[in-house]
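Structure incoming, see below.
Chain letters run A, B, ... following the sequence lines, proteins first and then strands; every chain starts at 1. Excluded from the calculations below are hydrogen atoms, water molecules and symmetry mates; all remaining heavy atoms, backbone and side chain alike, are included.
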Amino acid sequence: MRWGVVVFPGSNDDRDTLRMAERTLGDEAIALWHKDRDLHGVDCVLLPGGFSYGDYLRCGAMARFSPVMEAVGEHAKAGGLVLGICNGFQTLCEAGLLPGALIRNRGLRFVCDVATIRVETSDTPFTYGCRAGELLQLPIKHGEGCYVADEETLARLEADGQVVFRYADRAGRSVPEANPNGSLANVAGVCNPGRNVVGLMPHPEHAVDRLTAGEDGLKLFRSAQAWLGRRPSEARREATVVPGP
Amino acid sequence: MSTIVARVFVTPKRGILDPQGKAVENSLHTLGFAEVSDVRVGKYIELKLRDVARDVAGARVRGMCEQLLANGVIEDFRIELDGSAA
Amino acid sequence: MSTIVARVFVTPKRGILDPQGKAVENSLHTLGFAEVSDVRVGKYIELKLRDVARDVAGARVRGMCEQLLANGVIEDFRIELDGSAA
Amino acid sequence: MTIAVTAEVAAEQGLTPDEYAKILKVLGRTPTFEELAVFGVMWSEHCSYKSSRAYLRQLPSKGPQVLQGPGENAGAIDIGDGLAAVFKVESHNHPSFVEPFQGAATGVGGILRDIFTMGARPVAILDSLRFGGIDHPRTPFLVKGVVGGVGHYGNCIGVPTVGGEVVFDPGYENNILVNAFTIGIAPADRLFRASAAGPGNPVIYVGSRTGRDGIHGASLLASAALDELASEKRPAVQVGDPFAEKLLLEACLELMKTDYIVGIQDMGAAGLTSSSLEMAGRGGAGLLLDLDKVPRREEGMTPYEVLLSESQERMLLVARAGTEEQVAEIYRRWDLQAVVIGHVTDDGIYRARWEGKEVCALPVAALTDAAPVYRRPASEPAGLEELQRLDPASIPQPTDYTQTLSTLLESPNLCSREWVFRQYDQFVGANTLLRPGADAAVVRIEGTRRALALTLDCNGRYGRLDPYLGAMLAVVEAARNCVAVGAKPLAVSDCLNYGNPERPDVMWEFQQGINGIRDACLALGTPVVSGNVSFYNETDGRSIPPTPTIAMVGLLDDIDAMLTPWWKGEGDAVVLLGRTREELGASEYLSVIHGLQRGTPPWIDLETEKRLHQVVLAAAQERLLRSAHDVGEGGLAVALAECSFGGTHLGVRATLEEGIRADALLFGESQSRMVVSLRRRHLSRLRDLARREDVPLHVLGEVRGHSIVIDDLVDLPVEASRERWRRALERRLGA
Ligand SMILES: Nc1ncnc2c1ncn2[C@@H]1O[C@H](COP(=O)(O)OP(=O)(O)O)[C@@H](O)[C@H]1O
Ligand SMILES: [Mg+2]
């Protein structure tokens, strides 16, 4: 398949993400320059981590206005796949493509670690190959990863199964001690109502190599490959599936 | 139509977590400022507007806030033009 | 002696680089707000003071700024008590 | 307005009467105010190395692996596959004391520029930090600020921070040390030099605008003691903009793929003045600069301010005539401006114009060649011999060794640094094979089977008690830390932090330090390819302990040979390589448990050290070892604990050789020792290797259970003590 990795001024996981898609996944991957309105026919848009526009004012607040984001918005509206990682997640929230917002970590400090993430639903293109309840070890590295949303929004997300990932302990319990940044309900990632746009703070693209941070992150990208390659009959079946809690 | 100074105050919405406000309040208490409460930390943005009539200026700055300076999901904003509320 | 609301404005000192202000100004220009200049981004802190006489309140808040709220090396601060300068 | 130049004005520019006289002589006239200012910064200690240059020449800087030695923005070595590793360590001590967050941040920004100026993409940052006693009221504020600043810059620009040091010692109370190291990778045949050549070629200014930041900043701050500078005389603090530097980095690397560049140099200390003059000096050319063309951030700046501003995130380059527009186009793409501010000339004169008027016309040679070189008087500090005296009999042995070990493991200099490096992005780049927490960091060389081992080391207490040994032991520990991860030590960058060179005792410490580094580097075959000298680290006449921070770069030819310090499997044999002597002098144990900083640092024989390295590297080659760890501060007991703190909760059962007092066995810091673990079936082969190099080998015991058990002296549960060790720093800092 064909991946597109958006490059904003200040993106800094973009090169790793491109390399991952090309070398590890063996797919075609192209960089999408922020000033470019054209997505060059990619199947999936990846918004990488980093500090777009220096994270000045608010993370993702300025990136959201880049010309490329118009195209990303249309791609998303048409049901195209979009995955926002860390700064990419923040940008998708700022752009209104995902609900809620990400604020300063509870501890007020940047935190770099490997976190245990629980997959809450397999009903997104990026968790298609995972089991609900499956645990992933993924790097986190952010200063503003505390997920917040007003009560109705959060209730709706829970009800519609839009919470895709949660911070959990090794036993899979989403307890406060496992929450690295104070996110409400330990939320680590969410999706839009259409479920084709997903954002998360952890870094699956940095967990694709046994020698660095393990390979759990691959599951998300392999899922997207499988989801795009799935049989039409499946597609139809899914379309009728009511999103579970 | 000369230069207008606009001041924008961006504060965390009531009910939205304010980790910074909490931290500052705690530090102030440990520093012995026991009388302090309800600390909220937000942003203060100062800017100059050139050759804009006062009556349009307000609308312009509101536009800036809604589009960029504040995030309506988590923040409220207030505007002052040349020191008086707009 | 009832409750006093104090507002503190912390801004980068003149002459000190304000990367954030620069970035915001550029974005505002690309968003079509060409009339904007001299953008400076600082902190805005709101707090309540319980049972403090107005005349001491000012000194107290100044103390908070010098000790914690502002970094004297690179930031200036201004204080308002119940909406009027202190 | 023009300021009349006198000896007094010269003094204000940091020039001594002699130096001013010399200026009058080489010029044959009175300099203009601007010219005087240029001399002032170029002849400052920071820019001219006038007190250290004569001695730095003694450091070995040659070797088959060296592609670029001292003298450029950074050193470079051959790491195979047609690639070069470009690296340097820099100090930012005084700015970090004045404003910890921004000082540390701009320190990192500066060293990053030194690396990508050479055409290398930075792949790792390390930071060596020294603060006063951890209980000093100001220490937590300084630590939080500095660590925050390092993280802010490195995280934002997207270079992983993978290692360093944190040391607490009252000797740094009023003068903290912030040394930052960066390494980058470039094609070996495309290293860029900072030299101006080709009359008519344009001089191009790129990056952020020039403000009044740090007029005389680094150069002044680094060339005088802090308390000599009345606070109002302290230059305006520089604020770092890592975002601007990220754009600058990408734009420069893009430009470097073309053949437009003749020379390129970052603007660091002494800003435009030193960058332009150094380029002219290296290229043996003249320059003509129109200062009015320099992009400015503020109104009403004077030529003096434009020449001396130390605004960050700026570069100066000389391009081939006719490529101006292409160069500008590349920077525009990254939303940066590239402005032609002058051109190269052939008359060897440095000319600067302001509003059409010439404010500077200086023979470049006069500034560079005529720069003063001092061989300042040096003499051993009084009372050093007394400090070195230590009567072991006067040191009572602990009654409870388990308790003593826990106390050490929770002490400020031995507890985990996790609270620090948790604030640093260690993953970006996707090549970090060994993150902070081991003996050295290991970073894979993109697209190869090779990897770099990186470490910063120094022990200031050793330095204070014997500046020669202290420097030597810093090199030795750094090398051993590389070997411990399976890498061959290749080359060194050094950051020499000392007091006021005008004091004979400090000058003596400095000379001893140079000798120590020279001897160690010669013996270990690790040339010094770059470095930095930081003098005047003193306040109220008290200078810091001699602290020559050593950055060692090692190479792993095959990442599969990489070693970590942590136990791998129950039943593995645990072996001590090297000999334990009855040495307590200068130890962490003596300082933490007995409150003494005296005695002499441990004995070292460089040949013995080298043989230890050969044994461990050979064993790693043959894949005999499952873990390896350097025995350093805190001695054998602390090392065994660290090997048990890998997260698996595996413990160890060890019995020690008899013969010397127990506290020396457990906590003494004898050099040239390493703890390794391996499958029992490999023991005999390891014995052969050790015998061949005649390195003492002692089987301590085995990996077993979930406690650290040493004879009947120590019995410490791994999990509980590891938690206390991990949390100690945070607790002590009240973070
Ligand atoms: N300031 C720092 N930044 C990043 N890593 C650090 C820092 N200080 C210490 N570390 C890491 O913590 C570990 C222990 O440091 P240290 O005790 O100096 O190791 P050693 O004694 O083997 O030199 C090392 O991996 C080191 O890189
Ligand atoms: Mg060390």
With a 4.5 Å cut-off on side-chain heavy atoms, are A:Pro9 and D:Phe243 touching?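 Yes, their side chains come closer than 4.5 Å.
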Distance from D:Gln426 atom CD to A:Asp113 atom CG, nearest 0.5 Å?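 Interatomic distance, D:Gln426 CD to A:Asp113 CG, rounded to 0.5 Å: 8.0 Å.
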Tell me, with the steps shown, if A:Arg19 and D:Glu446 meet side chain to side chain contact (heavy atoms under 4.5 Å, CB included). CA-CA 11 Å; A:Arg19 229 185 298 124; D:Glu446 185 61 47; 3.1 Å; yes
Given heavy-atom pairs under 4.5 angstrom as the criterion, report whether the side chain, backbone, both or neither of A:Asp209 touches chain D.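 Just the side chain, heavy atoms under 4.5 Å.
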Test D:Arg121 against A:Arg15 for side chain to side chain contact (heavy atoms under 4.5 Å, CB included), laying out the working first. CA-CA 12 Å; D:Arg121 177 174 288 276; A:Arg15 305 174 66 252; 3.4 Å; yes
Counting heavy-atom pairs closer than 4.5 Å to chain A, which one of D:Ala244, D:Ala430, D:Gly158 comes out on top?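 The residue among D:Ala244, D:Ala430, D:Gly158 with the greatest pair count is D:Ala430.
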Nearest 0.5 angstrom please: D:Arg422 CZ to A:Ile140 CD1, how far?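 Answer rounded to 0.5 Å: 6.5 Å.
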Run the numbers on D:Phe421 and A:Cys112 for side chain to side chain contact (heavy atoms under 4.5 Å, CB included), then give the verdict. CA-CA 8 Å; D:Phe421 54 71; A:Cys112 177; over 6 Å; no
Does CD belonging to D:Glu719 count more than 12 external heavy atoms closer than 6.0 Å?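 Open.
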Specify the closest pair of heavy atoms between A:Tyr56 and D:Asp241, including all atoms of both residues, with the distance to one decimal.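 That would be OH-OD1, 2.6 Å.
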D:Cys156 versus A:Gly54, closest heavy-atom pair with distance: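 It is SG-CA, 4.3 Å.
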Where does D:Arg333 contact chain A at under 4.5 Å (heavy atoms): side chain, backbone, both or neither?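 It is both, since atoms from each part get that close.
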Stepwise, does the side chain to side chain contact (heavy atoms under 4.5 Å, CB included) test hold for D:Phe427 with A:Asp16? CA-CA 10 Å; D:Phe427 293 104; A:Asp16 304 344; over 6 Å; no
With a 4.5 angstrom heavy-atom cut-off, could you sort out which part of D:Leu433 is near chain A: side chain, backbone, both or neither?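 Both backbone and side chain of D:Leu433 come within 4.5 Å of chain A.
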When only pairs under 4.5 Å are counted, which of D:Val147, D:Thr432, D:Ile157, D:Asn155 shares the most heavy-atom pairs with chain A?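 Max contact count across the listed options: D:Asn155.
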Side chains of A:Arg109 and D:Lys144: does their closest heavy-atom pair fall under 4.5 Å?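 Result yes, sub-4.5 Å side-chain heavy-atom pair found.
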Pick from D:Val442, D:Asn431, D:Ile559, D:Leu434: which one makes a side chain to side chain contact (heavy atoms under 4.5 Å, CB included) with A:Leu211?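 Of all the options given, the one that passes is D:Ile559.
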Looking only at side-chain N and O atoms, does A:Tyr53 offer a donor or acceptor that is under 3.5 Å from a partner on D:Asp335?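 Result is no, nothing qualifies.
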Between A:Lys141 and D:Val428, what is the shortest heavy-atom contact and its length?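 Looking at all heavy atoms of both residues, the shortest contact is NZ-CB, 3.9 Å.
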